[in-house]
Amino acid sequence: MENNEIASIFRDITNLMQIKGENAFRVRAYENASDVVDSLEHSLKDLHAEGVDLKSIPGIGKNISDKIEEMLLTGRCSKLEELFKTYPAGLLQILKLTGVGPKKAALFFKELGVSDIDALEAAALAGRIEPLPGMGKKTEEHILKAITDLHSVSGKRSLANPLSHAKEICAFLKAALGVIKCVPAGSVRRWKDSPRDLDILVVTDSANTVAGKVFVKYPHVREVLSKGDTKVSVILDDGLQVDLRILGKEDFGSALHHFTGSKAHNVAMRERAVKMGLKINEYGVFKVSDDTRVGGASEESVFKAVGLPWIAPELRENRGEIEAAEAGKLPVELQADDIRGDLHMHTTASDGSADILTMAEAAIERGYEYIAITDHSHATGIANGLDEARLMENIKAIDNVNNILAKRGLSFRVLKGAECDILGDGTLDYTVEALRRLDCVVGAIHSGFNQPRDVMTARIVKALSTGLINILAHPTGRLIGRRPPYEVDIEEVMKVAKRNRTFMELNSYPDRLDLKDTHLKLAKEMGILVAVSTDSHSPQGLSNIHYGIHTARRAWLEKKDILNTRPLEEVMELFGK
DNA sequence: GCCGTTTTCGGCCCGACTGTTTTCAGTCG
């Protein structure tokens, strides 16, 4: 059983325990365990096999450790099976309806025998919800609407979408309200790979209610979910939920910290505050004894009040950042200036929109010292992949561009590369002779995504074992919101990669961000350098590097952990060339 | 159910908004 499956079972247990009405703190323990398991970089299966005591993981105690062990050994979870005997799985679907939580689900189940969404819809249509205690006509209407919306609400989306909305909304509000501070917060500010909503913080010194009134008139608002003096929630026409928070400027720091989250980070921060006789909320940090305000104007002041240095938003997931901050061991944030080159991009030779020289000039413009041109290989026919004859022509074209740049007195270097397909059986799409003529071979999967886990793992292992691949591109193949990652034992792949001097890519394209943060953290722990690349198909694509930089920060990667923060000679040496 | 520079027992984060209510429970983030 994989971590995500175990996390999902703990999530189901959490929900059913809530419906059952169990002790809230016990419920929270399972909820917390679900998050902890989901963000582990190591597979529990491996840890258990290596004899690691699972109780050493924070948030995992005796009980939950036993349950994990049961799942690993039997593939089943008796606690969940027990809960399912009384509470049907359909109740979990009911909880997905907005406005319906465990209390209402329990009420409908107990009073009406409703155990799935269809039965709930029938009950609402028959007017059987309204007479229940605490329910009314509006509750019934909202339930019917929530059932209709369930299918139209879009799921995961990449960061690019909410970021562009944030830009537009802030411009709209500034145009209407004049001088205000308007910044995205929430998961977008933490650069989480697939945000579920967009949080925007507005700071004014005029009457608070104005910003909310203006915001609901934003042209792309499809529906207003709730509207108060300091908080307005809407759905945009493409299904994105936007929560706007309006606060005074003296609260800016505490408000920004509060609405940046994550929830788990905030909870940990508040628990820390409580132990120090303090209370943290969105309005500031206060002494419990006499309500004196001891912080809140800036984020720094919030952290300082609880004895910590400022923690970068990307780290705020309660994955050890508070402990690291206390110990003075926070990672040094990777900066855009640290990046010296980009080792994955395409040109008109395959499916890019610009030629080699144009891409090189765009990279020079960014202050880079080198790039690798890595057009597709023959098997990726849909991308006009190059056969070996065309690859040889491309090599000549790259030599030619290097000559042109040298004549301009530039020391910039274009590496001869390829994005070589790892074919279905693990063989490579170019011959050894062809690959040996290249400076930078990027290996990638572009077909056969549905192979079973062991087959896929063996396929990639076989390819890496040739020792011919310098960088494994987008190692899990996911496209956020469109295609799940293929099944693969990434830890095994990385072990083989390390032996063969293959580096892992962090693909900066916002729809990919592959490897993801927890896998990157694992790479760092295993001592594998990461190539932060853009996979650009145009000169503009190079700017996607900032998605990679922030994702690297989420994984606690520093300059020293990144391949392309190094000078070209060192990169070539690491490639064994 | 987890956890421990106040504890192996007794704690466990904080507030806005809605709907159904006359003071609050439920949901959400």
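Protein chains get the first letters and strands the later ones, always in sequence-line order, with residue 1 at the start of each.
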- prompt: Does a side-chain N or O from A/H142 land closer than 4.0 Å to OP1 or OP2 of B/dT18, or not?
  reply: no
statement: Between CZ of A/F259 and P of B/dC28 the distance, given in whole Å, is 17 Å
- line: Of the candidates B/dC14, B/dG26, B/dG19, the side chain of A/V274 sits closest to B/dC14
Distance, rounded to the nearest Å, where A/L198 contributes CG and B/dG29 contributes P: 13 Å
A/K45 and A/E2 ion-paired at < 4.0 Å: yes
message: Output the rounded distance in Å from CZ (A/R28) to P (B/dG11).
response: 15 Å
task: Give one of base, sugar-phosphate or nothing for A/I280, where a contact means two heavy atoms less than 4.0 Å apart.
output: sugar-phosphate
- prompt: Which part of the nucleic acid, if any, lies within reach of A/K275 when heavy atoms closer than 4.0 Å are counted: base, sugar-phosphate only, or nothing?
  reply: nothing
message: Please report the distance separating the P of B/dT21 from the corresponding atom of B/dT27, rounded so that it comes out in whole Å.
response: 15 Å
Closest to the A/E271 side chain, choosing from B/dC12, B/dG26, B/dT18: B/dC12
query: For the pair made of CZ in A/R272 and C1' in B/dG4, what is the distance, rounded to whole Å?
result: 15 Å
Pairwise P distance, B/dC12 and B/dG19 [rounded to whole Å]: 32 Å
task: Provide the distance between the two P atoms, one in B/dG26 and one in B/dT20, to the nearest whole Å.
output: 14 Å
query: DNA chain B: A/L95 or A/G136, which has the more 5' nearest nucleotide?
result: A/G136
- prompt: If you check every side-chain atom of A/E282, which of B/dG26, B/dG15, B/dG29 has the closest atom?
  reply: B/dG15
field: Heavy-atom side-chain proximity of A/I490 to A/P485 below 4.5 angstrom
entry: no
query: What nucleic acid atoms does A/M269 come within less than 4.0 Å of, heavy atoms only: base, sugar-phosphate, or nothing?
result: nothing
query: When you check the phosphate oxygens OP1 and OP2 of B/dG1, does a side-chain N or O of A/S65 lie under 4.0 Å from one of them?
result: no
Separation of atom CG in A/L244 from atom P in B/dG29, rounded to whole Å: 15 Å
message: I'd like to know if A/E140 pairs up with A/K137 as an ion pair, taking the criterion as any Lys NZ or Arg NE/NH1/NH2 lying under 4.0 Å from an Asp or Glu carboxylate oxygen.
response: yes
message: Taking A/K521 first and then A/D517, would you say they form a salt bridge - that is, a charged N and a carboxylate O separated by under 4.0 Å?
response: no
query: Does OP1 or OP2 of B/dG1 have a side-chain N or O of A/N63 closer than 4.0 Å?
result: yes
message: Would you measure the distance from the C1' atom in B/dT18 across to the matching atom in B/dT23 and give it in whole Å?
response: 15 Å
- request: Could you check whether A/S233 gets within reach of a base, just the sugar-phosphate, or nothing at all, counting any heavy atom under 4.0 Å?
  value: nothing
message: Does A/L278 reach a base, just sugar-phosphate, or nothing at all? Heavy atoms under 4.0 Å.
response: nothing
C1' spacing across the pair B/dC3 / B/dT7, given as an integer number of angstrom: 10 Å
- prompt: How far apart are the C-alpha atoms of A/N3 and A/S43, what are their side-chain angles, what is the distance that settles it, and do they pass the side-chain hydrogen bond (donor to acceptor under 3.5 Å, both in side chains) test?
  reply: CA-CA 6 Å; A/N3 289 3; A/S43 111; 4.8 Å; no
field: Nucleotide nearest A/Y30 when distance is taken to its side chain, options B/dC28, B/dG15, B/dG1
entry: B/dG1
query: Is there a donor-acceptor contact under 3.5 Å from the side chain of A/Y283 to the main chain of A/E250?
result: no
- request: Take atom C1' in B/dT8 and the same atom in B/dC2, then report the distance between them in whole Å.
  value: 12 Å
- request: Quick one: label A/P58 by what it contacts on the DNA or RNA (base, sugar-phosphate, nothing), any heavy atom closer than 4.0 Å.
  value: sugar-phosphate
message: Rounded to whole Å, how long is the line connecting atom NZ of A/K145 with atom P of B/dT18?
response: 15 Å
- request: Check the distance between B/dG15's P and A/D251's CG and give it to me in whole angstrom.
  value: 13 Å
task: Give the nucleotide from the list B/dG26, B/dG1, B/dC17 with an atom nearest to the side chain of A/K104.
output: B/dG26
message: Return the pairing partner of B/dT8 with a 3.5 Å limit on both distances, Watson-Crick or G-U wobble; otherwise return none.
response: none
message: By nearest atom, which of the nucleotides B/dG29, B/dT18, B/dG1 is closest to the A/D243 side chain?
response: B/dG29
- request: Quick one: sort the A/Y218 and A/F172 rings into parallel, tilted or perpendicular, breaks at 30° and 60°.
  value: perpendicular
query: Among B/dG19, B/dG26, B/dG15, which nucleotide sits nearest the side chain of A/K138?
result: B/dG19
query: In whole Å, what is the span from the NZ atom of A/K227 to the C1' atom of B/dT18?
result: 14 Å
task: Please find out if less than 6.0 Å separates the ring center of A/H257 from that of A/H265.
output: yes
query: Closer than 4.0 Å, any side-chain N/O of A/K55 to the OP1 or OP2 of B/dC3?
result: no
message: If I pick the C1' atom on B/dA16 and the same atom on B/dG11, what distance separates them, to the nearest angstrom?
response: 27 Å
task: Select one nucleotide: of B/dG1, B/dT27, B/dG15, the one nearest the side-chain heavy atoms of A/R26.
output: B/dG1
- prompt: Are A/T139 and B/dT20 close enough that a side-chain N or O sits under 4.0 Å from OP1 or OP2?
  reply: yes
query: Where the side chain of A/I64 is concerned, which of B/dG29, B/dG26, B/dG1 is the nearest nucleotide?
result: B/dG1
- request: Indicate, with a heavy-atom threshold strictly under 4.0 Å, whether A/K79 touches base, sugar-phosphate, or nothing.
  value: nothing
